[in-house]
Number of protein chains: 2
Amino acid sequence: MFSKFLSLEKEKQERILNAALKEFAQKGYDDASTNEIVKEAGISKGLLFHYFNTKKDLFLFLYDYSVEITKTEYYGLINTNERDIFTRLRQIYLLKLEVYHKHPWLFDFTKVAVYTESKEVKAEMESRKKDVLSTGYEKLFENIDVSKFKDGVDVKRAMKIIFWAIGGFGNEILEEVKELELSQVDYDGILSEFDAYLEMLRKCFYK
Amino acid sequence: MFSKFLSLEKEKQERILNAALKEFAQKGYDDASTNEIVKEAGISKGLLFHYFNTKKDLFLFLYDYSVEITKTEYYGLINTNERDIFTRLRQIYLLKLEVYHKHPWLFDFTKVAVYTESKEVKAEMESRKKDVLSTGYEKLFENIDVSKFKDGVDVKRAMKIIFWAIGGFGNEILEEVKELELSQVDYDGILSEFDAYLEMLRKCFYK
DNA sequence: TAACTTTTTGACCATAATGGTCAATAATAT
DNA sequence: ATATTATTGACCATTATGGTCAAAAAGTTA
């Protein structure tokens with residue numbers, strides 16, 4: 001069905017995909033404009049509809065594509081054998097940073113798609129959401145070794161604090177990094193800053 | 001200039017204001033529709049333009065209104081004499097929850113307004129931003145008593161962690177609470193949950 | 001070279017939505 | 001009953017929408 005599109009060179013595919021993800025992520029299904037997408041992607045109107053019949057088909061293709069990427073490049077790579085929550089979350093956030101760089105609008109798009117209220121696509125989204133991977137949020141905390149926490153610490157709450165703190169740090173970094181090229185990012189600086197925070201939290205909650 | 005609008009009954013004013021704040025907050029200046037606003041506010045098209053000449057005037061009025069509210073009902077009420085960071089942030093977040101309830105779209109709108117790229121209003125926003133109140137973020141941490149922190153703790157980082165954790169908690173609550181009526185909100189439950197988190201953080205970082 | 005296939009274009013549709021107007025109606029005050 | 005004010009919504013020109021399609025450009029095969 002999308003074979004024509006899929007046999008394009010990767011670079012062009014990505015350009016179109018990114019443009020479309022961005023537009024939908026920013027405006028939602030109804031308000032997203034195919035004109036904007038083709039302008040941003042640098043292709044003609046006709047070509048977009050040549051690849052993806054309709055706006056709706058494009059949207060649903062993007063969703064399936066996003067789920068696939070999320071599975072193979074994010075959730076699928078989370079190592080649930082790592083039972084130390086700090087090491088685990090460290091790994092996960094580095095992963096997320098990478099995915100973010102390769103697909104800057106993927107997470108935003110997924111969120112918009114899942115929560116869309118648009119009549120045109122809601123039904124299709126609803127049926128897709130049924131066979132979705134476990135939310136991932138659960139996966140973050142799956143099989144964590146709780147015996148490492150100090151006695152008397154409410155582990156659930158502690159994990160939430162850790163989660164929020166890392167999320168806050170992550171968002172701050174993401175803001176800074178969003179515009180930059182991968183090569184411009186000071187990975188080492190970010191990492192040592194990150195580790196300083198993890199170390200503080202470890203001292204707070206671990207034995 | 002907006003005297004006609006300002007002499008309306010408060011209830012109607014609020015209805016119009018909230019509808020407009022919501023539409024602009026959700027779609028940004030360019031994509032916001034005055035038709036949507038009047039529909040949501042339950043007034044006729046003509047009336048909106050009778051009160052606020054143009055879409056642009058409405059937008060700028062809303063911004064000034066938002067700044068005013070933020071000043072008088074939020075930043076202005078922060079007690080910087082309270083030097084304990086936990087007590088301070090506790091107070092601030094309760095305040096924020098209240099403002100959120102009275103004006104659910106105010107914070108989102110302000111953000112959208114400040115970051116807008118729309119040609120129609122960018123210049124006016126730029127000049128307004130100059131004489132803006134200190135960002136508030138600074139005010140959160142102004143005059144905090146750092147001597148209460150454990151020796152050897154990097155206070156700056158600790159405060160960030162505290163800030164992120166509270167922000168995370170706050171957002172979670174906001175999500176839950178957004179739709180509800182003020183009377184339906186289980187303030188006591190939220191508060192005791194909040195206090196449990198604050199207590200944990202206090203144990204982490206205070207002497 | 002020429003014939004044929006595939007990819008790509010953008011001017012062009014009907015339709016719908018946009019910000020804004022204004023004569024006319026309804027509500028209120030005198 | 002008259003004058004004033006508040007409110008309506010059909011209407012306007014303009015712009016944007018998702019989608020089409022004949023034709024041009026690029027690529028392939030001979």
Side-chain angles (χ1 to χ4, degrees), chain A residues 1-17 19-24 26-63 113 116-122 124, chain B residues 1-17 19-24 26-63 113 116-122 124:
Chain A
M1 177 148 188
F2 301 105
S3 52
K4 272 171 286 177
F5 174 74
L6 292 167
S7 55
L8 251 48
E9 337 92 275
K10 275 274 164 309
E11 190 272 333
K12 196 170 184 180
Q13 274 187 48
E14 295 258 310
R15 238 174 47 227
I16 297 171
L17 253 16
L21 285 171
K22 179 177 176 182
E23 180 70 7
F24 281 120
Q26 288 182 328
K27 310 231 187 112
Y29 181 83
D30 287 329
D31 294 340
S33 157
T34 52
N35 293 315
E36 277 303 312
I37 294 173
V38 300
K39 202 200 289 173
E40 172 99 10
I43 60 169
S44 69
K45 189 87 169 282
L47 200 52
L48 184 74
F49 285 89
H50 174 67
Y51 293 137
F52 314 91
N53 263 334
T54 65
K55 185 183 180 181
K56 184 174 172 177
D57 286 349
L58 168 59
F59 183 85
L60 294 173
F61 174 85
L62 285 175
Y63 180 73
T116 186
E117 287 296 320
S118 166
K119 277 170 195 159
E120 294 240 18
V121 289
K122 200 175 180 189
E124 280 84 352
Chain B
M1 178 151 185
F2 301 105
S3 52
K4 272 170 288 177
F5 175 74
L6 291 168
S7 56
L8 250 49
E9 336 90 275
K10 273 275 164 309
E11 190 273 332
K12 195 170 182 180
Q13 274 187 48
E14 295 259 308
R15 237 174 48 228
I16 298 171
L17 254 16
L21 286 171
K22 180 177 176 181
E23 179 70 7
F24 281 120
Q26 288 181 329
K27 310 231 189 113
Y29 181 82
D30 287 329
D31 293 340
S33 156
T34 52
N35 292 315
E36 276 303 311
I37 294 173
V38 301
K39 201 200 292 171
E40 172 100 11
I43 60 170
S44 70
K45 189 85 170 283
L47 200 52
L48 184 74
F49 284 89
H50 174 66
Y51 293 138
F52 314 91
N53 262 333
T54 65
K55 186 183 181 183
K56 184 173 172 177
D57 285 350
L58 167 61
F59 183 85
L60 294 173
F61 174 85
L62 285 175
Y63 179 73
T116 186
E117 289 295 320
S118 165
K119 278 170 195 160
E120 294 238 20
V121 290
K122 201 175 178 190
E124 280 83 354

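In what follows, every chain begins at residue 1, and chains take the letters A, B, ... in the order their sequences are listed.
- Between A:Lys45 and the phosphate of C:dG10, there is no side-chain N or O to OP1/OP2 separation shorter than 4.0 Å.
- Computed from coordinates, the A:Glu9 CD to D:dG27 P distance equals 10 Å when rounded to whole Å.
- Heavy atoms of other residues, nucleotides or ligands lying less than 6.0 angstrom from NZ of B:Lys12 number more than 12.
- With rounding to whole Å, A:Ile43 atom CD1 is found 7 Å from C:dT9 atom P.
- Among the protein residues, A:Phe5 comes within range of no part of the nucleic acid, since none of its heavy atoms lies under 4.0 Å from any strand.
- Considering only side-chain N and O atoms, A:Ser33 lies under 4.0 angstrom from the phosphate OP1 or OP2 of D:dT17.
- Counting any heavy atom pair closer than 4.0 Å across all strands shown, A:Lys56 reaches no nucleic acid atom.
- For D:dT7, the OP1/OP2 oxygens have a side-chain nitrogen or oxygen of B:Lys12 closer than 4.0 Å.
- Remark: A:Lys55 is not in phosphate contact with D:dT17, judged by side-chain N or O atoms under 4.0 Å from OP1 or OP2.
- In this structure, A:Thr34 reaches the D:dG18 phosphate: one of its side-chain N or O atoms is under 4.0 Å from OP1 or OP2.
- Summarising the geometry of B:Leu8 relative to B:Gln13, their closest heavy-atom pair is O-NE2, 3.0 Å, with the distance given to 0.1 Å.
- Note: CZ (A:Phe59) to C1' (D:dG18) measures 16 Å, nearest angstrom.
- If you find the closest nucleotide of DNA chain D to A:Glu36 and to A:Asn53, the one lying nearer the 5' end belongs to A:Glu36.
- In this structure, B:Lys39 atom NZ and C:dT18 atom P are separated by 9 Å, rounded to whole Å.
- In this structure, CG of A:Leu48 is placed 14 Å from P of C:dG10, rounded to the nearest angstrom.
- Nearest approach of A:Glu120 to A:Asp30, heavy atoms of both residues: CG-OD1, 4.4 Å.
- Contact detail for B:Phe2 and B:Asp57: the closest heavy-atom pair is CZ-O, 4.1 Å.
- Summarising the geometry, the separation between CG on B:Asp30 and P on D:dT15 is reported as 14 Å, rounded to the nearest angstrom.
- The side chain of A:Phe49 has D:dT20 as its nearest neighbour among D:dG9, C:dT8, D:dT20.
- Shortest non-hydrogen contact noted between A:Lys55 and A:Tyr29 is NZ-O, 3.0 Å.
- For the pair B:Glu23 CD and C:dA17 C1', the computed distance is 13 Å after rounding to whole Å.
- The shortest distance between the side-chain N/O atoms of B:Tyr51 and the OP1/OP2 oxygens of D:dT7 is below 4.0 Å.
- Proximity of B:Asn35 to the phosphate of C:dA17: no side-chain N or O atom is located under 4.0 Å from OP1 or OP2.
- Between A:Leu8 atom CG and C:dT6 atom C1' the separation is 12 Å, expressed in whole Å.
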